[in-house]
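I have placed the structure first, in the form of structure tokens, so that the comments after it can refer back to it.
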Amino acid sequence: MPELPEVEVVRAGLESAITSATVAAVRVFDERSLRRHDAPAEDFVDRLMGTTFAAPMRRGKFLWVPMGSETALVIHLGMSGQVLLREPDASLDRLTRISIDVAHPEHGPLRVDFVDQRIFGSMAIGRLVESGDVPGDLVPSQVTHIARDPMDPNFDDALFLARLAKRNTGIKRALLDQTLISGIGNIYADEALWASRVHYDQPTGSLSRPRAKTLLAEVRLVLGKALAEGGTSFDAQYLNVNGESGYFSHSLNAYGQQGLPCPRCGRMIVREQFMNRGSHFCPWCQRVRTGR
DNA sequence: CCGGACTCCTGGTTGC
DNA sequence: TGCAACCAGGAGTCCG
């Protein structure tokens, strides 16, 4: 499940490959992959044709490639999306939903394939608008509701902690709320909660400020470690921008570790259903704290 | 504001 | 061996 580190790997790979490249051809094999595009496929193709890409940007799990100052190609990988860079004449992956031929002034022709098994991901053209907090900072219209991610230099720690304290919900629900803090998905939420010894359903209102700060620090540590490793995976579903597996699962302490000993206390990691997904945690290290 | 239920979706796995 | 049921979950919507 691509989260911030995996999406950043894709962004960085695209940056070196398609910045300054011009679109020569676009093929949409499955229109369902345009779910975030507000017009028919023909419109998507027409608006891409002939444009030149600027350096790709990212906020949380959203990725976009500016096409001038007005619009951008918006990419979300969803659950299973991949962006594969291929030689122009390479065979198409069976699950390729969209394919874009580009010409780079120095590197020559290249194919950018959007491959997505479950079709929760998408490509779209978005209008660039002011993000609202930092003047002159532009994001696609599809991204305006997404909060800055914790690796963003403009992420406001104090603002996040204040908004978190005002929430009346469980901490994991808050971590997964992309309008509060972006880039965190199920894997890194479980890992950061394990690292900071917080139970997934700990009420946000009862989380002390020092503990909330620790949690935010652990979120950054976990994301930073995964970034350094080039993204994390467990089933080779995720491939980096070159089609090479970028997943490393050896450093997971809680996610998917149910039935295995907690690396910290040796007791068994359990998995519970929460928010229609699995929550992995150590029932000893991560207990709901009551009072004050 | 909150939470639960539901939708989108299909390949791989499990179970009979 | 064959097939159906089940599972994975990011994001959005709707409803109470």
- Message: Please tell me if A:His145 has a side-chain N or O lying less than 4.0 Å from either OP1 or OP2 of C:dG12.
- Response: yes
- Query: Which is true for A:Gly278 with a 4.0 Å heavy-atom rule: it touches a base, it touches only sugar-phosphate, or it touches nothing?
  - Reply: sugar-phosphate
- Carboxylate-amine/guanidinium contact A:Arg148 A:Asp137, below 4.0 Å: yes
- Item | Nearest-Å distance for atom pair CZ/P, residues A:Arg118 and C:dC6 | 18 Å
- Under 4.0 angstrom, heavy atoms only, what part of the nucleic acid is A:Gln178 near: base, sugar-phosphate, or nothing? sugar-phosphate
- Message: What is the separation between atom NE2 on A:His76 and atom P on C:dA11, rounded to the nearest whole Å?
- Response: 4 Å
- Task: Record whether the side chain of A:Arg277 comes under 3.5 Å of the base of C:dA8 through a donor-acceptor pair of N or O atoms.
- Result: no
- Nearest-angstrom distance from the residue atom NZ of A:Lys172 to C1' of B:dC2: 18 Å
- Query: Salt bridge between A:Lys213 and A:Asp157, side-chain N to carboxylate O under 4.0 Å?
  - Reply: no
- To the nearest Å, give me how far apart CG (A:Asn186) and P (C:dG10) are. 5 Å
- Query: Rounded to the nearest Å, what distance is computed from the CG atom of residue A:Asp177 to the P atom of nucleotide C:dG10?
  - Reply: 13 Å
- Going by an N to O cut-off under 4.0 Å, is there a salt bridge joining A:Arg47 and A:Asp43? yes
- Message: Under a 4.0 Å threshold between the charged nitrogen and the carboxylate oxygen, would A:Asp89 count as salt-bridged to A:Arg111?
- Response: no
- Message: From OH of A:Tyr255 over to P of C:dG9, roughly how many Å is that when rounded to an integer?
- Response: 4 Å
- Task: Mind checking A:Leu176 for me? I need base, sugar-phosphate or nothing, with any heavy atom below 4.0 Å counting as a touch.
- Result: nothing
- Assert: residue with more 5' nearest nucleotide on DNA chain B, out of A:Phe274 and A:Ile119, is A:Phe274
- A:Gln286 (side chain) donor-acceptor with A:Val198 (main chain) under 3.5 angstrom: yes
- Would A:Phe120 pass as stacked on C:dG10, i.e. its ring centre under 5.5 Å from the base's six-membered ring centre and planes under 30° apart? yes
- To the nearest angstrom, how far is A:Arg32 atom CZ from B:dT10 atom C1'? 9 Å
- Nucleotide nearest A:Thr169 when distance is taken to its side chain, options B:dG11, C:dG12, B:dG3: B:dG3
- Using heavy atoms to find the nearest nucleotide of DNA chain B for A:Arg94 and A:Arg35 separately, return the residue whose nucleotide is more 5′. A:Arg35
- Query: Out of B:dG3, B:dG11, C:dG10, which has the shortest distance to the side chain of A:Lys61?
  - Reply: C:dG10
- Using a 4.0 Å heavy-atom cut-off across all strands, classify A:Arg271 as base, sugar-phosphate, or nothing. sugar-phosphate
- Message: Rounded to whole Å, how long is the line connecting atom CZ of A:Arg167 with atom C1' of B:dC2?
- Response: 10 Å
